[in-house]
Amino acid sequence: MKTIVTSLLLAFATLMPAAASPTPGDDEAIPPQRLPKAALATIRAHMPGRKIAIAKMESSLFSKEYTVIFTNGEKIEFDGRGRWTEIKCKRSAVPASLVPAPIARYIRANYPRCRILEIERDDDEYEVKLSNYVEVTFNSDFEVIDID
């Protein structure tokens with residue numbers, strides 16, 4: 001009986017650290033210095049003066065993604081290489097220097113009184129959310145493919 005209890009306690013003690021460690025898909029708070037260099041360069045160049053409230057890393061089996069939330073509520077997400085994938089600015093506009101020029105020209109021409117509050121990109125398209133609640137989707141050639 002004593003051997004069984006000892007074996008169970010040993011097994012429990014061995015498995016506890018594994019259960020407590022982050023699993024794929026979990027967000028882990030990280031110091032900003034652990035962000036990819038390209039992500040840090042983007043923040044310094046295009047979002048100066050913003051204070052980072054938290055930086056997080058999400059690991060999956062084959063990739064990593066990073067999220068940075070600033071004290072003013074803005075958020076920027078990066079892929080594993082440090083390339084931005086999504087920018088959300090609740091009350092202010094997405095920094096103009098991060099918006100591709102063809103998208104900026106289209107928005108200025110067609111929605112001159114609107115600000116870009118969010119922009120998201122993947123390999124195939126860009127999705128832009130405006131301050132008038134319109135969403136415009138562009139393909140990789142910056143042609144409009146949808147408006148909601």
Side-chain angles (χ1 to χ4, degrees), residues 8 10-148:
L8 287 173
L10 183 59
F12 183 72
T14 304
L15 294 175
M16 271 311 280
S21 65
T23 57
D26 284 349
D27 284 346
E28 172 189 354
I30 60 170
Q33 310 84 275
R34 282 194 45 208
L35 292 167
K37 288 180 182 176
L40 288 171
T42 297
I43 292 168
R44 283 189 203 110
H46 303 284
M47 304 179 101
R50 290 170 176 85
K51 185 176 178 186
I52 295 175
I54 189 168
K56 299 187 289 185
M57 177 180 67
E58 182 177 344
S59 297
S60 66
L61 193 55
F62 299 108
S63 66
K64 290 183 181 181
E65 295 176 353
Y66 300 88
T67 301
V68 175
I69 301 172
F70 299 96
T71 55
N72 66 358
E74 294 176 352
K75 178 172 95 169
I76 185 167
E77 296 181 6
F78 299 95
D79 63 16
R81 296 180 312 227
R83 189 181 103 153
W84 70 263
T85 56
E86 185 173 0
I87 305 167
K88 290 185 176 184
C89 298
K90 295 180 180 187
R91 294 176 216 44
S92 61
V94 168
S97 57
L98 289 171
V99 178
I103 291 175
R105 280 193 299 274
Y106 178 86
I107 298 302
R108 271 194 312 273
N110 294 283
Y111 302 94
R113 295 194 173 124
C114 293
R115 295 174 291 149
I116 297 174
L117 300 179
E118 297 180 21
I119 186 167
E120 184 175 351
R121 73 176 173 192
D122 59 29
D123 293 335
D124 300 324
E125 61 187 35
Y126 289 80
E127 186 175 297
V128 174
K129 293 181 183 177
L130 304 176
S131 55
N132 67 347
Y133 306 106
V134 170
E135 295 180 21
V136 183
T137 305
F138 299 83
N139 64 17
S140 58
D141 294 324
F142 303 108
E143 299 165 332
V144 175
I145 57 171
D146 194 20
I147 298 175
D148 279 334

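Just so you know, these numbers come straight off a predicted model, no measurement behind them.
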### Worked verdict on Ile116 versus Leu130 for side-chain contact (heavy atoms from CB on, under 4.5 Å)
CA-CA 5 Å; Ile116 297 174; Leu130 304 176; 3.7 Å; yes
#### Entry: From CA spacing to verdict: side-chain hydrogen bond (donor to acceptor under 3.5 Å, both in side chains), Thr67, Glu58
CA-CA 8 Å; Thr67 301; Glu58 182 177 344; over 6 Å; no
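Across all non-hydrogen atoms, the minimal contact from Phe70 to Lys75 is CD1-N, 4.5 Å. Heavy atoms only, all atoms of each residue included: Glu118 and Val94 are closest at N-CG2, 3.9 Å. Closest approach of Gly73 to Lys90, counting heavy atoms only: O-CE, 3.8 Å. Contact detail for Cys114 and Ser131: the closest heavy-atom pair is CA-OG, 3.4 Å. The two residues Glu125 and Phe138 come nearest to each other via the heavy atoms CB-O, 2.9 Å. The two residues Tyr66 and Asp79 come nearest to each other via the heavy atoms CD1-O, 3.7 Å.
Test Asp146, Val144, Ile145, Asp124 against Asn139 for side chain to side chain contact (heavy atoms under 4.5 Å, CB included) and you get one pass: Ile145.
By the 4.5 Å heavy-atom criterion applied to side chains, Asn72 and Arg50 are counted as neighbours. Using a 4.5 Å heavy-atom cutoff, the side chains of Val128 and Tyr106 are not in contact. In this structure the side chain of Thr85 never reaches within 4.5 angstrom of the side chain of Glu65, judged on heavy atoms.
How far NZ of Lys56 is from CG of Asp27: 4.5 Å, rounded to the nearest 0.5 Å. Rounded to the nearest 0.5 angstrom, Asp148 CG and Glu127 CD are separated by 7.5 Å. Atom-to-atom distance recorded for Asn110:CG and Ile147:CD1 is 7.5 Å, nearest 0.5 angstrom. Here the CG atom belonging to Leu98 is positioned 7.0 Å from the OG1 atom belonging to Thr42, to the nearest 0.5 angstrom. The CD1 atom of Ile54 sits 12.5 Å away from the OG1 atom of Thr71 when rounded to the nearest 0.5 Å. Interatomic distance, Leu40 CG to Phe78 CZ, rounded to the nearest 0.5 Å: 8.0 Å.
With no hydrogens or angles considered, no side-chain donor-acceptor pair links Ser59 and Glu28 at under 3.5 Å.
Judged by distance alone, with hydrogens and angles left aside, the side-chain atoms of Arg115 form a donor-acceptor pair with the main-chain N or O of Arg91 at under 3.5 Å.
Salt bridge Glu86/Lys88: present, at least one basic N to carboxylate O contact under 4.0 Å.
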